[in-house]
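What you are looking at is a predicted structure, and each value in this text was computed from that prediction instead of being measured. Letters A, B, ... mirror the listed sequences (proteins, then strands); counts begin at 1.
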There are 2 protein chains.
Amino acid sequence: MTVDDAAGPTLLPPTAMAGRDEPVDRILATSYELFSSRGIRGVGINELISSSGVSKATFYRHFPSKDALVLAFLELRDQVWTVELIVAEARRRGNTPEEQLLAVFDVFGDWFQRDDFEACSFINVLLEMGPGHPLGKASIDYLSRIRGHIQALAEEAGLDRPEEFARSWHILMKGSIISATEGDTLASKRAQQMARWLIEHHRGL
Amino acid sequence: MTVDDAAGPTLLPPTAMAGRDEPVDRILATSYELFSSRGIRGVGINELISSSGVSKATFYRHFPSKDALVLAFLELRDQVWTVELIVAEARRRGNTPEEQLLAVFDVFGDWFQRDDFEACSFINVLLEMGPGHPLGKASIDYLSRIRGHIQALAEEAGLDRPEEFARSWHILMKGSIISATEGDTLASKRAQQMARWLIEHHRGL
DNA sequence: GCCGGGGCGTACAGACCGGTCTGCCTCGGA
DNA sequence: TCCGAGGCAGACCGGTCTGTACGCCCCGGC
């Protein structure tokens, strides 16, 4: 612990830790970049520390193992991607809760077309490590947090059975992400259309 | 080449090559089992050859590299899983093309509950290697074959815009597989309900 | 002025990776 | 009877992996 506390843990997004240059911040920023685009097993510790300009001893002073860093990365990804890039942006774009729900797929549409589109790290890690591995279980937990955001919006919209709604909605989100990875950049539009039907069938009628 | 030709390549499913005991068959059967459940990078050549009771020299006489074996595995997976386990079984269960389409998710429901449920190898390999890697590109190709089966059923059912229909349908398939990997064994039911709505909107009306 | 924590660089250990190569054995056809 | 193709076993190669250890240096507090 040095100067930086009194504000809790330091899991700030890469853009937001511009002013900071502590080793732990460089490690986290680099892990976000490398793990997001190339997966866990695709990035070794040696490349990670050399990319972040940190010695190996320093790395292992802050993180007891690579898996511990991956856990921190997943937490960071939840903040940067799930919360800020997707949920907050969707809430910004829509005026009503229903519009905000549908705006998720507009955000997806923009995201799919970015050249640094790297799919969903939680799905990647889950499939890479398997649901039995601690990192897979952690990924499942973060995926359920995404469902929690959807469920909250469904409740604000007054939809029926919001938990079931969120599970179905999440199927559309994950399926469209895989399709986008295959190259179908219009997958967001297809998913959005099915999402509209899902909303209709969860309105009180 | 020995006794076994005059019937083309030997990519038979594990169950169907009961009588055969050639090294290449043992290699393929073992690779199917190990790659399906633990991914590509999770299985090394040494384990693979010792599990199939084959020497390393023999392995490399039949396959020039590990990637070549993975390509053969994907082809085998297409036969065993896509064609026989999913498409043929769905066609068996339904009487009309529409019923056969919806039966896909009944088959999924049974498959999700198996204790050896191992998700979709094509999605796994695609996310593990990335869409730019040769194995990722091959996986994309096999995924498009799955869409081809769906599109054929849609055409038999006389649905509108069968190619777009198949793309939307495939989103539901892939999304439900990921959800099942997270532990939601009812994902097939949720996807099936959305699939019903999709059919309704692709009928001539 | 000095002392120590934390940073850096790097060498190293031990395991495993894909892939090559050599030797031995067996079996089937001429 | 002999010969060679093909299978088995395993040593070995260079490289990469995670994780440990050691030495040097800088900078800040006393």
Could you work out which one of [options] sits closest to the side chain of [X]?
X	options	answer
A:Ser65	D:dG19, D:dG10, D:dT18	D:dG19
B:Ala57	D:dC8, C:dG19, D:dC22	D:dC8
A:Asn46	D:dC17, C:dG18, D:dA9	D:dC17

Going by atom types alone, do B:Arg145 and B:Thr82 pair a side-chain donor with an acceptor below 3.5 Å?
no
Does any donor atom in the side chain of A:Arg77 or A:Ser36 lie under 3.5 Å from an acceptor atom in the other side chain?
yes
In whole angstrom, what separates [X]'s [atom1] from [N]'s [atom2]?
X	N	atom1	atom2	result
B:Phe63	C:dG18	CZ	C1'	16 Å
A:Ile40	D:dT16	CD1	P	20 Å
B:Leu69	C:dC17	CG	P	15 Å
B:Ile45	C:dC21	CD1	P	17 Å
B:Leu48	C:dG18	CG	P	9 Å
B:Ile49	D:dG6	CD1	P	19 Å
A:Phe59	D:dC17	CZ	P	13 Å

If you assign each of B:Ser52 and A:Tyr60 to its closest nucleotide in DNA chain D, which residue comes earlier from the 5' end?
B:Ser52
State whether the side chain of B:Arg41 and the backbone N or O of B:Glu128 hold a donor-acceptor pair below 3.5 Å, judged by distance alone.
yes
Indicate yes or no for a side-chain donor-acceptor contact from B:Ser176 to the backbone of B:Met173 under 3.5 Å, with no hydrogens or angles considered.
yes
I want to check something: taking the side chain as every heavy atom from C-beta on, are B:Lys174 and B:His170 in contact at a cut-off of under 4.5 Å?
yes
Heavy-atom side-chain contact between B:Leu48 and B:Leu69 under 4.5 Å
yes
Every protein N/O lying under 3.5 Å from an N/O of nucleotides 3-7 of chain C:
residue	atom	partner	partner atom	Å
C:dG7	OP2	A:Arg61	NH1	2.7

Hey, does the side-chain of A:Lys56 have a donor or acceptor N/O within less than 3.5 Å of a partner on the base of C:dG9?
no
Check each of B:Tyr142, B:Phe35, B:Trp111, B:Tyr32 against B:Trp81 using the ring-ring contact (aromatic ring centres under 6.0 Å, His included) test, and report the only one that passes.
B:Trp111
